[in-house]
Amino acid sequence: MDALHIANSLTRQKERFEPLNPPFVGMYVCGPTVYSNVHLGNVRTFLTFDIVYRYLQHLGFKVRYVRNITDVGHLTGDTDDGEDKIGKKARLENLEPMEVVQQYTNDFHDVMNVFNILRPSIEPTATGHIVEQIEAIRQIVNNGYAYEVNGSVYFSVRTFSEDHPYGELSGRKIDELLNSTRELDGQSEKRDPLDFALWKAADASHLMQWPSPWGMGFPGWHLECSVMSTKYLGETFDIHGGGMDLKFPHHECEIAQNVACNGESQPVKYWMHGNMLTVNGRKMAKSEGNGFTPEELITGNHKLLEQGYSPMTVRFFMLMGHYASTLDFSNEALQAAEKGLAKLEKAVETLATLEPSTGETAYDVQAFAAKCSAAMNDDFNTPILIATLFDGVKAVNGAAAGRVSLSAEDIASLQGTFQAFLRDVLGLASEVSQTQSEGAGEEAGALLDLLVDMRTDAKTNKDWGMADKIRDVLAAQGITIQDGKDGSSWSRG
RNA sequence: GGUCCGAUGGCCGAGUGGCUAGGCUCAGCUCUGCAAAAGCUGCUACAGCGGUUCGAAUCCGCUUCGGACCUCCA
């Protein structure tokens with residue numbers, strides 16, 4: 001495809017991407033709830049939108065990327081007793097709520113850094129926007145779509161649906177929803193089981209609460225995203241993303257709140273939903289107890305892991321599947337990714353040292369770059385992009401072996417394409433250069449060059465014992481020697 | 001129970017009507033002092049049954065299996 005197309009969850013169609021106000025793009029992604037460590041499933045969602053962010057920038061768009069931090073907890077799952085998640089955690093650990101928030105926010109940021117996931121332009125917090133949320137509730141009440149009961153305010157889905165469509169995004173119908181609604185405790189306040197809370201009254205035991213026109217309380221689950229996206233991106237904006245599991249009710253309610261608040265018929269032009277990471281076919285989730293923390297993954301310290309995997313291996317593994325498909329997590333798949341990425345990185349190193357050549361078997365570097373763009377233009381199809389990059393690997397290795405001829409311009413073009421798509425768009429940083437830059441990289445490199453020279457001399461003298469000794473000692477240090485046609489070289493890993 | 005989605009070779013995973021996905025694994029070969037790396041070749045799959053079509057992994061129906069969501073369980 002020669003222009004970016006996005007699979008829009010709202011219309012269920014692949015649509016050409018045309019921003020509302022080019023070259024500017026507004027993108028909002030539902031961020032983490034910071035009441036515990038993020039697991040790998042969370043990471044996948046943020047990685048998905050990291051790719052979107054990176055590619056939009058690659059295309060030259062000026063992107064304002066907003067990703068919130070949910071630091072007002074929601075109701076606890078275990079008990080349904082109305083206790084704030086973050087409040088509960090705080091009591092358990094005997095910490096101030098904001099201390100818990102800070103701890104897990106820091107953890108979240110660390111994890112994002114490890115996986116080379118870029119920071120958003122704005123990272124607003126729910127607690128930092130209580131005033132705006134109260135104002136939005138007043139607006140919705142004034143517009144007649146919400147009512148107050150005992151200090152809580154509920155959104156009236158029925159009333160809203162008489163004036164506006166409800167359920168478009170998730171494909172749900174009001175009557176069907178009614179039939180399948182479960183009876184939950186403490187919901188008798190609501191006039192209708194379909195209604196959801198905009199503001200919840202809090203009793204004295206609730207640790208996080210704020211004054212409002214309806215008394216002390218805290219905002220409802222869905223409200224913060226509506227309010228913060230509107231504040232920073234406007235009443236209508238381009239892209240809204242999040243995990244598939246947020247589609248209903250969270251995103252549906254968000255739309256309803258936005259429409260009820262400011263009357264725009266459709267706040268978001270393109271809705272995108274990332275699919276789940278599964279373990280043995282089941283969604284990775286905190287409640288399932290099948291989640292990996294990034295630390296467990298990197299160290300391999302987990303009963304389901306055979307070894308540790310580097311962050312870039314994990315990133316590469318996730319990008320080998322399309323974001324809209326479920327991706328199953330397994331040791332075999334991770335190991336395959338590890339080797340595949342190593343092959344790719346090796347070719348990039350080879351490319352850096354390639355000498356120009358002339359010959360008949362040329363490689364079409366323009367077509368290669370075009371294929372990379374086409375893959376990403378087709379709804380961010382990273383698996384196709386990776387497959388295409390391996391096509392480039394073949395050309396590079398072929399040139400190194402003297403079978404494919406590449407001019408100086410070809411080599412420069414290939415380097416540019418790898419830089420753009422492997423590094424900038426896929427965000428796969430070179431882990432080798434990271435470790436080398438940490439210590440005395442240059443000195444070590446000089447020593448290694450010397451050892452390789454010594455081994456070459458030994459080989460010339462047919463002193464195989466010495467040659468193998470050097471190779472084995474270096475191998476024990478994680479340095480691999482490669483013998484090629486034009487001599488030997490070394491690499492880490 | 002309702003709504004929606006999926007089922008691809010040894011493994012992971014693209015692909016929506018005819019054209020090689022790709023990675024990993026395994027086997028053989030080339031290169032090499034040996035090995036590694038690299039290259040070449042092979043293992044050529046689309047859950048089952050029916051239908052539409054000149055032609056289906058790709059469209060339609062049914063069956064089986066699996067998954068997600070169903071209003072505060074992200």
Side-chain angles (χ1 to χ4, degrees), chain A residues 12 30-33 35 41-42 45 70 73-80 82 85 154-155 157 167 170-173 175-182 184 186-187 190 192-197 200 220-222 242-253 256 275-276 278 281-283 285-287 316-317 320-322 324-344 346-347 350 375 378 381-391 393-394 396-398 400-401 403 459 462-464 467-468 471-472 475 480-485 488-489 491:
Chain A
R12 293 167 186 76
C30 294
T33 301
Y35 68 94
N42 304 116
T45 299
T70 297
H74 304 308
L75 302 184
T76 54
D78 303 336
T79 54
D80 259 2
K85 255 179 194 165
Y154 295 97
F155 188 97
V157 172
S170 55
R172 281 161 215 266
K173 301 193 168 41
D175 294 335
E176 289 170 357
L177 284 170
L178 246 190
N179 293 335
S180 60
T181 298
R182 292 171 301 164
L184 294 169
Q187 296 214 18
K190 296 200 278 190
D192 191 307
L194 296 178
D195 296 348
F196 57 90
K200 289 283 279 184
W221 178 34
H222 314 297
M244 203 78 101
D245 50 353
L246 296 180
K247 203 171 185 180
F248 189 87
H250 182 59
H251 290 156
E252 202 67 76
C253 294
N275 216 322
M276 300 293 106
T278 60
R282 293 196 172 268
K283 172 184 170 182
K286 289 190 182 87
S287 54
F316 185 69
F317 157 71
M320 290 211 305
H322 191 254
S325 301
T326 55
L327 178 66
D328 200 57
F329 184 95
S330 70
N331 281 290
E332 274 186 311
L334 262 298
Q335 283 162 6
E338 187 173 58
K339 292 186 177 167
L341 179 60
K343 185 176 177 178
L344 204 45
K346 191 152 286 177
T350 304
D378 187 10
N381 199 326
T382 54
I384 296 287
L385 172 57
I386 289 170
T388 305
L389 289 176
F390 275 105
D391 192 51
V393 168
K394 229 170 197 180
V396 169
N397 289 333
R403 274 189 308 278
K459 280 173 67 181
K462 297 200 189 298
D463 183 356
W464 308 128
D468 289 351
R471 186 172 66 192
D472 293 345
T480 310
I481 290 207
Q482 286 111 19
D483 293 337
K485 269 193 162 172
S488 304
S489 60
S491 66

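Numbers restart at 1 for each chain; the letters A, B, ... are given by sequence-line order, proteins then strands. Please read these numbers as outputs of a predicted model, since none were measured by experiment.
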(request) Spell out yes or no: do the side chain of A:D328 and the base of B:G13 have one donor N/O and one acceptor N/O closer than 3.5 Å? (result)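 No, no donor-acceptor pair under 3.5 Å.
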(message) Tell me if the side-chain of A:R471 makes a donor-acceptor pair with the base of B:A36, cut-off 3.5 Å, by modelled atom types.
(response)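 Donor-acceptor pair under 3.5 Å: no.
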(request) State plainly whether the residues A:K394 and A:D391 are in salt-bridge range, i.e. N to O under 4.0 Å. (result)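 Result for this pair is no, no salt bridge flagged.
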(message) How many whole angstroms separate atom CZ of A:F248 from atom P of B:C5?
(response)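 After rounding, the gap between these two atoms is 16 Å.
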(request) Using heavy atoms to find the nearest nucleotide of RNA chain B for A:G31 and A:F316 separately, return the residue whose nucleotide is more 5′. (result)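 Nearest nucleotide further toward 5': that of A:F316.
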(message) Can you work out whether A:H322 or A:G281 has the more 5'-proximal nearest nucleotide on RNA chain B?
(response)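 Looking at RNA chain B, the more 5' nearest nucleotide goes with A:H322.
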Go ahead and name the base partner of [N]; Watson-Crick or wobble counts if both distances stay under 3.5 Å, otherwise write none.
{"N": "B:U53", "answer": "none"}
{"N": "B:A7", "answer": "B:U64"}
{"N": "B:C34", "answer": "none"}
{"N": "B:C26", "answer": "B:G42"}

When you measure from the side-chain N and O atoms of [X] to the phosphate of [N], is any distance below 4.0 Å, counting only OP1 and OP2?
{"X": "A:S170", "N": "B:C69", "result": "no"}
{"X": "A:N381", "N": "B:G15", "result": "yes"}
{"X": "A:R282", "N": "B:G67", "result": "yes"}
{"X": "A:K283", "N": "B:C69", "result": "yes"}
{"X": "A:K339", "N": "B:U25", "result": "yes"}

(message) Can you classify the ring geometry of A:F155 versus A:F196 as parallel (below 30°), tilted (30 to 60°) or perpendicular (above 60°)?
(response)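 Ring orientation of A:F155 relative to A:F196: parallel.
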(request) Report yes if the ring of A:W464 lies under 5.5 Å from the six-membered base ring of B:G33 with planes under 30°, and no otherwise. (result)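 Yes, A:W464 stacks on the base of B:G33.
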At 4.0 Å (heavy atoms only), tell me whether [X] reaches a base, stays on the sugar-phosphate, or touches nothing.
{"X": "A:L334", "result": "nothing"}
{"X": "A:K247", "result": "nothing"}
{"X": "A:A333", "result": "sugar-phosphate"}

(request) Quote, to the nearest angstrom, the C1' distance that separates B:G42 from B:G9. (result)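 Straight-line distance between the two C1' atoms is 13 Å.
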(request) Please tell me which of the listed nucleotides, B:U71, B:A38, B:A14, lies nearest to the side chain of A:R403? (result)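 For A:R403, the side-chain atoms sit closest to B:A38.
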